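Bear in mind that the values here come from a model prediction, so they are computed numbers and not experimental data. Numbers for residues simply follow the sequence, beginning at 1.
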Amino acid sequence: MERRLSAILAADVVGYSRLMGLDEGGTLSALKTHRRDLVDGKIAEHQGRIVKLTGDGMLVEFQSVVNAVACATDIQRRMRERNADVQEERRIEFRIGVNLGDIIFDDNDIYGDGVNVAARIESIARPGGVAISGTVRDHLGKNLDLDFEDTGEHELKNIDRPVRVYHVALAAPFRFENSAATASPEGREREKPSIAVLPFTNMSGDPEQEYFSDGITEDIITDLSKISGLHVLARNTVFTYKGKAVKVQQVARELGVKFVLEGSVRKAGQRVRITGQLIDGADGGHVWADRYDRELTDIFAIQDEITHTIVDQLKVKLLPAEKRAIKAAPTENVEAYTYYLRGREFFHRTSKTYYVLAKRMFGKAIELDPLYARAYAGIADCDSFLFLNYDEKVSLESILANSGKALDIESGLAEAHASRGLALSVGQRYEEAEKEFEQAIASDPNLFEAHYFYARACYAQGKLKAAAHHYERAAEIKPDDYQSVLLLMQVYRSLGRPEDERDAARRGVERAERELAKYPENPRPAYLGANALALIGETERAKEWSARALAIDPDDLLTQYNTACLCCHFGEFDRAFDLLERLLPHANHETKAWVKQDSDFAPLHEHPRWQRVLELAA
């Protein structure tokens, strides 16, 4: 390893997930064009070295601070020119952060405090802007003809000291003039009011009620998204602010929206109190605010009122089909709705215990409303994973029947198509499954389950690039999900992309650590995270997390399987054999097939005990 002082430029695309949701192919094509025609050339011109590229960002090293900042400002000014004729909501804009600091250079990658600070500064840069650290500003002196805005010291995530941040004062952002062009369809599109719905705060005094406030937020986002006259930011973008104390004007600026809706939910017994306030992001003024104290049975009426109030306040015209879509509630039974939300939360914790609990919640929802399509899809999803990983007694026919029932009730429901796709892929009917996944994504490009399930099916068929794409989208859509990132790590390994593999491992560990803090009784983030820690060389933490997973649930088959993989990594072959011989008598056919094919177990193949493993896996 080599240590050196470098200027680090970190950049990413503003609202990348939203752009991908609007036009995935067009966004990828435009981003590649910008990189090819502008960004790569500017980096070369200013003697920078691209260290890594991610889906929507890059990390660049410079030996000169002046070159780094000059490159950043050149790129941003040229991007404004290139965006001049692009519809506002379809523009690709970068945030760029620059820092000067000590870095570690190892195996063509860079690490260390200098890199971490650059990444954190980039995250608070303005869309289309450049933010620099105080250290960079000091070293620049008067070498560049630029003005700087001192924003004071900032507490940056995972940085142990405050960092002074400056914004480079670029020319005023490009704005479309009020002219005859605004009378065209394109002009009217640009004038659509934009809104971000921040996660409603759970005021119930019980963290276990978090699922309910999150569910209300997501349903309001869904309803507003049905309105063609509004531009609504997707769930994955706004939920990055969950649990954070934020200033609304700052949020509006960072997200590039005109309005922000925030609120709170207090659920107590059969009563619910919901507050909401619509705020103008430009001046922080209240456009509208109200409080609803109602019976829990009025929850859908409250959501409908909030949606219509926002539409009225923003003077948006509703089309007849949009009025019908907003008014259509997923169920008339609020108790069924509550059980469904709880089941969905359990399902996303993804262990055998939670799949069983989720299935029970979905079952209760169906008892209360036999025509609740989403609940049937939920049961099918739980059974699919129980069938795959734990319990062959679950019938494949019943999984297909439940997913089919969901579609019979609500044929256009994206969740139902994703559920059907998963069920078909479990039965290895991959061609049919892919059609269902494509239908789900066409109906809702931001549906996490559609991409996550699709990625799993692609990986099972050896379609590694497609699997990587859909795991990447799943990780973007649900920024708190650790599994999609850690499974993506495995796909990158199979693709022979070690840098991306290590990057996914680091991101996955961060997410798994947060998951463990929330749900310490769940072994899955511990054993998946342990394998990622081993990859990035944190041996002791890897062993601690693995031991923790076994302590939480020593009889869980996937815990045993993944711990055996880790034992092979550390050369603890006898312990790996002990775990395999313990789990295989209870494993299903798919798990037995994994054991025979998994490259992690290759070191065991020449050992005398391997024959016994093969007999148990037969």
Side-chain angles (χ1 to χ4, degrees), residues 211-212 214-215 218-219 222 328-429 432-433 436-437 439-440 443-444 447-457 474 478 481 483 519 522 524 556-558 588 590:
Y211 74 93
F212 191 75
D214 286 353
E218 291 172 11
D219 284 346
T222 299
T331 175
E332 297 299 322
N333 190 305
V334 73
E335 193 176 357
Y337 173 71
T338 303
Y339 274 118
Y340 168 75
L341 291 179
R342 189 62 161 161
R344 189 175 60 176
E345 189 219 6
F346 283 146
F347 174 76
H348 284 297
R349 296 190 197 177
T350 57
S351 70
K352 182 177 181 179
T353 301
Y354 284 119
Y355 287 140
V356 172
L357 280 171
K359 183 177 176 180
R360 191 178 304 159
M361 296 298 106
F362 293 136
K364 289 291 292 183
I366 288 170
E367 285 180 23
L368 294 162
D369 180 359
L371 296 178
Y372 199 169
R374 286 173 170 84
Y376 284 103
I379 286 182
D381 293 344
C382 291
D383 279 345
S384 288
F385 284 103
L386 287 170
F387 180 90
L388 280 170
N389 299 328
Y390 296 104
D391 189 359
E392 284 191 288
K393 295 175 185 175
V394 177
S395 162
L396 186 55
E397 289 72 22
S398 69
I399 299 172
L400 290 166
N402 278 316
S403 63
K405 179 74 171 176
L407 283 171
D408 288 342
I409 296 169
E410 197 170 340
S411 61
L413 182 64
E415 291 96 319
H417 283 290
S419 178
R420 182 71 174 174
L422 176 63
L424 289 165
S425 68
V426 167
Q428 299 185 3
R429 293 161 59 179
E432 296 171 76
E436 295 293 340
F437 292 135
Q439 180 62 50
S443 299
D444 185 354
L447 180 63
F448 169 82
E449 288 83 1
H451 290 283
Y452 184 78
F453 298 164
Y454 201 171
R456 186 211 163 274
K478 202 165 185 289
D481 179 68
Q483 294 183 100
Y519 307 115
N522 188 358
R524 188 163 173 79
D556 181 76
L557 298 182
L558 290 182
N588 61 19
E590 181 154 320

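- Between Phe362 and Tyr372, the closest side-chain pair of non-hydrogen atoms is not below 4.5 Å.
- Between Ser384 and Ile399, the shortest heavy-atom contact is OG-CG2, 3.3 Å.
- Between the side chains of Tyr376 and Asp381, no donor-acceptor pair is found at a separation under 3.5 Å.
- Across all non-hydrogen atoms, the minimal contact from Ala457 to Ser425 is CB-CB, 3.9 Å.
- Residue His348 holds its NE2 atom at 4.0 Å from CD of Glu449, rounded to the nearest 0.5 Å.
- Lys359 has its side chain out of reach of Lys364: every pair of non-hydrogen atoms, C-beta onward, lies at least 4.5 Å apart.
- Checked by atom type and distance alone, the side chain of Thr338 pairs as donor or acceptor with a backbone atom of Val334 at under 3.5 Å.
- Within the 3.5 Å criterion, the main-chain N or O of Ser398 finds a donor-acceptor partner in the side chain of Ser395.
- Screening residues 407-417 for side-chain hydrogen bond (donor to acceptor under 3.5 Å, both in side chains), with sequence neighbours left out, gives Arg374-Glu415, His417-Glu436.
- Nearest heavy atoms, Ala416 versus Ala406: CB-CB, 3.8 Å.
- Taking the six-membered ring for Trp and the full ring otherwise, the centers of His451 and Phe437 sit at least 6.0 Å from each other.
- Between Phe347 and Phe453, the angle of the ring planes goes over 60°, which puts this pair in the perpendicular group of the 30/60° scheme.
- Ring planes of Tyr337 and Phe212: perpendicular class, angle over 60° (limits at 30 and 60°).
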Requested in this report: Under the side chain to side chain contact (heavy atoms under 4.5 Å, CB included) rule, what do Arg429 and Leu400 come out as? Steps first, then yes or no, please.
Outcome: CA-CA 11 Å; Arg429 293 161 59 179; Leu400 290 166; 3.7 Å; yes

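- For the side chain to side chain donor-acceptor pair (under 3.5 Å) test, residues two or more places apart in sequence or in another chain that qualify with Asp369 are Thr331.
- Using a 4.0 Å cut-off between charged side-chain N and carboxylate O, Lys352 and Asp556 make no salt bridge.
- Heavy-atom minimum distance, Ala380 versus Ser403: CB-N, 3.8 Å.
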Query raised in the report: Could you walk me through whether Ile366 and Ile379 pass the side chain to side chain contact (heavy atoms under 4.5 Å, CB included) check?
Result: CA-CA 10 Å; Ile366 288 170; Ile379 286 182; 3.6 Å; yes

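- Using a distance-only test at 3.5 Å, with no hydrogens or angles considered, no donor-acceptor pair links the side chain of Asp481 to the main chain of Ala474.
- With values rounded to the nearest 0.5 angstrom, Tyr452 atom OH is found 10.0 Å from Leu422 atom CG.
- One finds the CG atom of Asn522 at 8.0 Å from the CZ atom of Arg349 (value rounded to the nearest 0.5 Å).
- Note that the CG atom of Leu368 and the CG atom of Asn333 stand 5.0 Å from one another [nearest 0.5 Å].
- Taking CG of Asn402 as the reference point, atom OG of Ser419 lies at 8.0 Å (rounded to 0.5 Å).
- When Phe385, Phe387, Phe346 are each tested for a ring-ring contact (aromatic ring centres under 6.0 Å, His included) with Tyr355, only one passes: Phe385.
- With rounding to the nearest 0.5 angstrom, the CD atom of Glu345 is 8.0 Å from the CG atom of Asp214.
- Listed here is the closest heavy atom pair of Ala414 and Ala440: O-CB, 3.5 Å.
- Minimum heavy-atom separation, Leu396 to Ala423: CD1-O, 4.0 Å.
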